[in-house]
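Okay, so here's the structure we're looking at.
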Number of protein chains: 2
Amino acid sequence: MLSFTEENYLKAIVQHTLFDGISDEVGVNQLASTLNVKPATASDMVRRLKKKELVHYERYGKVSLTKQGQRLGMLVIRRHRLWETFLYSTLNFSWDEVHEVAEELEHVHSGKLMDRLDEFLGYPEFDPHGEAIPNCEGEIKIPFRMTVSEMSVGKPCKVIAVRDESVDFLRYLDRIGLAIGATVVVVHREEYDELTTLRIGEKDTVVSPKLTSNVYVVCGSCGKTKCSC
Amino acid sequence: MLSFTEENYLKAIVQHTLFDGISDEVGVNQLASTLNVKPATASDMVRRLKKKELVHYERYGKVSLTKQGQRLGMLVIRRHRLWETFLYSTLNFSWDEVHEVAEELEHVHSGKLMDRLDEFLGYPEFDPHGEAIPNCEGEIKIPFRMTVSEMSVGKPCKVIAVRDESVDFLRYLDRIGLAIGATVVVVHREEYDELTTLRIGEKDTVVSPKLTSNVYVVCGSCGKTKCSC
DNA sequence: TATAAAAGTTAGATTAGTCTAACAATAATG
DNA sequence: CATTATTGTTAGACTAATCTAACTTTTATA
């Protein structure tokens with residue numbers, strides 16, 4: 001049985017290698033900073049995960065997941081996302097409240113519980129932030145996704161998910177009317193300071209690259225990520 | 001914020017002092033044995049709980065709860081019993097499966113979550129074992145209860161709760177048809193070996209004092225614990 | 001009431017997870 | 001390519017929760 005800490009490390013490694021996927025490996029310092037621990041701590045822990053055959057790792061090298069490590073990490077994420085969905089759809093939490101509570105619920109180790117909850121929720125495909133929910137084997141289809149920052153000017157597109165789950169970010173989106181399913185158009189992109197003017201509904205809002213790079217969209221006409229509309 | 005361990009100690013002290021209530025204090029060894037730790041461990045821990053002002057305690061003395069300790073212990077029990085009810089009524093777990101999972105869920109610290117869950121469940125008064133659920137202040141009406149072992153011969157009575165939540169015990173009850181709400185009659189009580197013959201529905205079953213002392217009942221005619229029917 | 005049994009404590013060790021401070025290896029850059 | 005910056009490691013210390021082994025206090029009983 002994995003400890004909370006071990007599960008959090010695996011989850012963080014999945015995020016860096018599978019999801020934010022520039023590379024399938026991650027550095028110890030990077031890991032330390034996502035987990036809010038000092039590099040020394042992460043360095044120790046990575047060696048412990050290696051001994052348990054959950055990660056591949058060599059001294060001064062990068063960290064990547066073994067088959068088993070990936071499976072277990074994905075199951076933590078499955079639990080997290082199913083609980084978020086439950087809190088949002090069944091208990092009427094708002095989308096900025098669910099993450100924090102799910103951080104605790106995700107460590108409850110009962111496969112049966114998660115399968116029953118999944119059934120109760122009607123086998124949802126996505127959590128309240130639009131992220132896909134892994135199946136009970138820890139498998140998931142990771143779609144190639146586009147952010148608003150990569151979207152060409154004038155082309156309507158539809159919001160399908162958000163990457164950042166922080167309360168501040170999600171409340172900000174609520175304020176400017178940006179929700180999952182909303183249609184947005186990049187009205188203007190200022191090269192000088194990278195600010196983007198976004199049309200959401202009827203209203204134009206100027207947003208930062210920090211925002212645009214955290215909102216995933218598909219083409220508004222064909223619904224695909226890569227299209228020629 | 002309390003640790004899992006601290007919460008488990010408080011819960012155990014509540015069980016011994018408030019619920020199994022012969023006395024409002026409990027010994028260190030007794031505590032150690034319910035928590036499956038060595039006396040030395042419990043002795044240390046009790047001193048830590050005292051420093052946090054959760055228990056009253058003096059060297060070589062007994063342990064009892066402070067106001068705060070009792071409140072926090074009762075809230076753990078509230079969470080446990082609400083989750084049990086959720087697992088049983090919403091996710092269709094059987095009554096012998098709920099306890100184990102609830103042991104993990106009870107440590108999720110979110111008052112809002114519990115209040116919303118309570119609302120979702122329709123403010124249940126009792127968990128699947130017939131035990132009362134404390135309110136969000138940690139308060140509860142502890143009824144004076146009678147067990148089958150105290151019931152007089154020939155008098156029909158109704159099962160309202162069970163004390164033991166172990167899988168073995170609950171499956172045994174299922175097998176002999178003894179459920180919450182069932183009517184039972186003590187047909188015969190053998191003084192020599194304390195075995196009791198119980199009529200459950202149409203069938204007579206011989207049971208031990210271990211069983212009879214773990215099943216709570218009320219009078220079958222008037223529904224009260226103390227009656228003159 | 002003296003002694004044995006039960007209950008409880010203390011000292012010293014262990015493991016998981018964390019830290020700081022000093023050091024070492026690798027990568028980036030003038 | 002030498003120097004600096006970044007990244008990662010090691011050593012030593014700390015806390016929470018546990019253990020064993022030896023010891024002490026309280027309680028029960030012969």
Side-chain angles (χ1 to χ4, degrees), chain A residues 1-13 15-17 20 22-65 69 72-73 76 103-104 106-107 109, chain B residues 1-13 15-17 20 22-65 69 72-73 76 103-104 106-107 109:
Chain A
M1 180 83 78
L2 297 180
S3 69
F4 277 35
T5 308
E6 289 169 327
E7 290 189 337
N8 285 334
Y9 275 82
L10 290 182
K11 197 175 53 150
I13 302 169
Q15 307 275 13
H16 279 290
T17 61
D20 291 358
I22 298 113
S23 152
D24 68 338
E25 41 182 35
V26 62
V28 168
N29 279 15
Q30 225 177 328
L31 215 47
S33 99
T34 15
L35 289 160
N36 291 310
V37 297
K38 301 294 163 189
T41 309
S43 190
D44 276 0
M45 193 60 188
V46 161
R47 257 176 293 114
R48 288 225 297 282
L49 292 174
K50 188 197 160 130
K51 211 186 301 170
K52 291 199 173 187
E53 299 187 23
L54 298 168
V55 301
H56 301 295
Y57 169 72
E58 294 306 327
R59 231 166 75 115
Y60 290 106
K62 300 281 179 185
V63 184
S64 64
L65 291 162
L72 294 174
V76 180
E103 285 288 298
E104 289 192 58
E106 73 189 6
H107 299 293
H109 300 101
Chain B
M1 180 84 78
L2 298 180
S3 69
F4 278 35
T5 308
E6 290 168 326
E7 290 189 338
N8 285 334
Y9 275 82
L10 290 182
K11 199 176 50 151
I13 301 170
Q15 307 274 13
H16 276 109
T17 61
D20 290 1
I22 298 112
S23 152
D24 68 340
E25 41 182 33
V26 61
V28 169
N29 278 15
Q30 225 176 328
L31 215 47
S33 100
T34 9
L35 290 161
N36 290 309
V37 297
K38 301 295 164 191
T41 309
S43 189
D44 275 0
M45 192 60 186
V46 160
R47 258 176 295 113
R48 288 226 298 283
L49 292 175
K50 190 199 158 126
K51 211 187 302 170
K52 291 198 173 190
E53 301 186 21
L54 298 169
V55 300
H56 301 294
Y57 169 72
E58 295 305 329
R59 232 166 74 113
Y60 291 105
K62 299 280 179 187
V63 184
S64 64
L65 291 163
L72 295 175
V76 179
E103 285 288 299
E104 289 193 58
E106 74 189 7
H107 299 293
H109 299 102

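Below, chains carry the letters A, B, ... as their sequence lines are ordered, and counting in each starts from 1. Owing to the predicted nature of the structure, the values given are computational and were not obtained by experimental measurement.
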Rounded to the nearest 0.5 Å, what separation is found between the NZ atom of B/K62 and the OG1 atom of B/T17?
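The distance works out to 12.5 Å.
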Taking atom [atom2] of [N] as reference, at what distance in whole Å does atom [atom1] of [X] sit?
X     : N      : atom1 : atom2 : value
A/L10 : C/dG17 : CG    : P     : 12 Å
A/K62 : D/dG8  : NZ    : C1'   : 10 Å
B/K50 : C/dG8  : NZ    : C1'   : 15 Å
A/E7  : C/dA16 : CD    : P     : 16 Å

Shortest non-hydrogen separation from B/V28 to B/V63 and the atoms involved:
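Nearest heavy atoms, B/V28 then B/V63: CG2-CG2, 4.2 Å.
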Show every donor-acceptor pair shorter than 3.5 Å between a side-chain atom in residues 35-49 of chain A and any protein atom, with sequence neighbours excluded, or say none if there are none.
| from | atom 1 | to | atom 2 | distance (Å) |
| --- | --- | --- | --- | --- |
| A/D44 | OD1 | A/R47 | NH2 | 3.2 |

Is B/L2 close to B/L54 at the side-chain level, that is, under 4.5 Å between some pair of heavy atoms?
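Side-chain contact under 4.5 Å: yes.
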Contacts to DNA chain C from residues 23-31 of chain B, heavy-atom cutoff under 4.0 Å, which residues?
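Only B/G27, B/V28, B/N29 qualify.
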Those residues that, when tested against A/E53, pass side chain to side chain contact (heavy atoms under 4.5 Å, CB included) (two or more places apart)
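Partners of A/E53 by the side chain to side chain contact (heavy atoms under 4.5 Å, CB included) criterion come out as none, since no residue qualifies.
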Its contact letters, B for base, S for sugar-phosphate only and - for none at protein heavy atoms under 4.0 Å, make nucleotides 18-29 of chain C read BBB----S----
Solution key, residues 4-11 of chain B side-chain donor-acceptor pairs under 3.5 Å, sequence neighbours excluded:
| from | atom 1 | to | atom 2 | distance (Å) |
| --- | --- | --- | --- | --- |
| B/E6 | OE1 | B/S3 | N | 2.8 |
| B/E6 | OE1 | B/S3 | OG | 3.4 |
| B/E6 | OE1 | B/K52 | NZ | 3.4 |
| B/E6 | OE2 | B/K52 | NZ | 2.8 |
| B/E7 | OE1 | B/R79 | NH2 | 3.4 |
| B/E7 | OE1 | B/H107 | ND1 | 2.6 |
| B/E7 | OE2 | B/R79 | NH2 | 3.0 |
| B/E7 | OE2 | B/H109 | NE2 | 2.7 |
| B/N8 | OD1 | B/H107 | NE2 | 3.2 |
| B/N8 | ND2 | B/F4 | O | 3.4 |
| B/K11 | NZ | B/E103 | OE1 | 3.3 |
| B/K11 | NZ | B/E103 | OE2 | 3.0 |
| B/K11 | NZ | B/E106 | OE1 | 3.3 |
| B/K11 | NZ | B/E106 | OE2 | 2.8 |

State whether B/S3 places a side-chain N or O below 4.0 Å from either non-bridging phosphate oxygen (OP1 or OP2) of D/dA17.
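So the side-chain polar atoms of B/S3 do come within 4.0 Å of the phosphate oxygens OP1 or OP2 of D/dA17, strictly under.
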Please identify each residue that fulfils side-chain hydrogen bond (donor to acceptor under 3.5 Å, both in side chains) with A/T34, with sequence neighbours left out.
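A/T34: side-chain hydrogen bond (donor to acceptor under 3.5 Å, both in side chains) contacts with A/H16.
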